[in-house]
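The structure presented is a predicted model; accordingly, all values stated were derived computationally and were not measured.
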There are 2 protein chains.
Amino acid sequence: MSSDQTRSAILAAAERLYAERGFGDVTLRDIVAEANVNLAAVNYHFGSKDELIAELFVTRSIQTNRERLNELKAAEDKGGGRAAIEDIIRALVGPPLRGCLGPDREGSTAARFMIRASIESVPPIRRIKNREVDHLRKFAAAMRRAMPGRDDTELYWGLHFALAMAHHTIREKERLIRLSDGKCDLDDVAGIIDRVVAVSVVALTGGEVASKSPARPAVAHGRLTRQDL
Amino acid sequence: MSSDQTRSAILAAAERLYAERGFGDVTLRDIVAEANVNLAAVNYHFGSKDELIAELFVTRSIQTNRERLNELKAAEDKGGGRAAIEDIIRALVGPPLRGCLGPDREGSTAARFMIRASIESVPPIRRIKNREVDHLRKFAAAMRRAMPGRDDTELYWGLHFALAMAHHTIREKERLIRLSDGKCDLDDVAGIIDRVVAVSVVALTGGEVASKSPARPAVAHGRLTRQDL
DNA sequence: GATAGTTTCATACAATTGTTTGAAATGCAA
DNA sequence: TTGCATTTCAAACAATTGTATGAAACTATC
């Protein structure tokens, strides 16, 4: 078995086990058993258990961040360098929501792993998350360009609340289903994204934009377009 | 030393250590050393480490939940049995935000403990949080009374987003400060509550209420009154 | 096919951890 | 004081865990 095969087997097995059991009670011995490799292989290939977890998480994070930046770039290109605020928020919350929610992702190991990482916060993951600020600054900058004149503070709060709604929906998915007795459809990812974006936008614009929308929530049916706002 | 003294000493020491170091690397030996009691005392008085953590968390949770219900009751009494939606949201997010944020709470062990419990999610705490749904149902019911005719689904999403903003602000407090370079004042708890309430209300009412507010966020200065909406 | 570098393997290590035990101490009522 | 129940204590237990080791197996290059 080549070196890369072992590495990949460990990564795959670890992600699978972490996804279904959580970080708390998965040991290196569990992982190597699942991967059918020797115990020492983890330390040989990754240095330590924490570095293995870190590599798993950064891989998925980079993926999400790349999608985010791609969407942001596309939105800015579309607007001639200045993206619409709702498109910026959409680029921010869309990728993680699509990555973690949705019926097709139900069986996705990657999705469940990221949900775990979002719920249980282990040291190696926390360290990586702390570096996320630099990534978010790019979105803050885009928002500043989209809303010149708007106070920076308001902008940060809007960004913060948008992430709050997205992440909390991922984290507390099960609870919301239970609380709403299944009425909230967590499989309708597009609808959820629309909701988060709509609320974030009124939070940022102070409501004057939303005033044009009907009393019935604009996201009730179908996808929210810019015309709806 | 009487039995209760030992119990209390353990509880206090544990909360202090968990608050400052997190659940991950505080052992029973650390706790008993801090409390100046024997190692076996924890198992004698609490049964197990997990039950100690659970008791710490339920104590604080009950406290928050009681405050919430008190505020809800007061709001309903004020409105003759039917509370205004913004007062319901305020009763929901006010207590945890006041409990965990604010300059005076900076040194509060209880506050820092609850923040830890919100960030790191250990099994005994997760188990308790899962029971929180019943508590939230009371707020869903109050909201239903406040907004008759409104689709239940919208109501749950509004409740969910309100909690999202409150909890995420508690969880990611430090990151928001760093991201905003200190521009977001996390010590202005009343202002934060106003923000969360304002956004939640427009999320719930679909924006038609917020349309009467100025373009500048209504929460920029002072406390948001119902007239502001 | 010999050699050097890489990877695998079984095993041991060392430290930590929550928990248990049984005796000693303490408190308290009769 | 005696006797009984509660509480404390030092010590040991038992199991787990991440990591390190050194030899063996393997791979690729010359």
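Residues satisfying the side chain to side chain donor-acceptor pair (under 3.5 Å) criterion with Lys183(B), sequence neighbours excluded, are absent altogether. A search for salt bridge (Lys or Arg N to Asp or Glu O under 4.0 Å) contacts involving Asp188(A) returns nothing, not counting sequence neighbours. With sequence neighbours left out, Arg29(A) forms a salt bridge (Lys or Arg N to Asp or Glu O under 4.0 Å) with no residue at all. Legend: residues meeting salt bridge (Lys or Arg N to Asp or Glu O under 4.0 Å) with Asp30(B), ordered by chain and number and at least two apart, are Arg21(B).
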Tell me, for nucleotides 18-23 of chain C in 5' to 3' order, what letter each nucleotide earns: B for a base near a protein heavy atom under 4.0 Å, S for only sugar-phosphate near one, - for neither?
BBBB--
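Residue Thr6(B) places no side-chain N or O under 4.0 Å from the OP1 or OP2 atom of dT7(D). Residue His45(A) has no polar side-chain atom (N or O) positioned under 4.0 Å from OP1 or OP2 of dT6(C).
Distance, Asp4(B) CG to dT6(D) C1': 13 Å, rounded to whole Å. Rounded to whole Å, the distance from CD1 on Ile10(B) to C1' on dT8(D) is 11 Å. Computed from coordinates, the Asn36(A) CG to dT8(C) P distance equals 13 Å when rounded to whole Å.
Note on Glu15(A) versus Arg112(A): no salt bridge recorded, every NZ/NE/NH1/NH2 to OD/OE distance being 4.0 Å or above.
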Under 3.5 Å, side-chain donor or acceptor atoms of residues 164-171 of chain B against the rest of the protein: list the pairs with distances, not counting sequence neighbours.
from: Thr169(B); atom 1: OG1; to: His160(A); atom 2: NE2; distance (Å): 2.9
from: Thr169(B); atom 1: OG1; to: Met165(B); atom 2: O; distance (Å): 2.5
from: Arg171(B); atom 1: NH1; to: Ser118(B); atom 2: O; distance (Å): 2.7

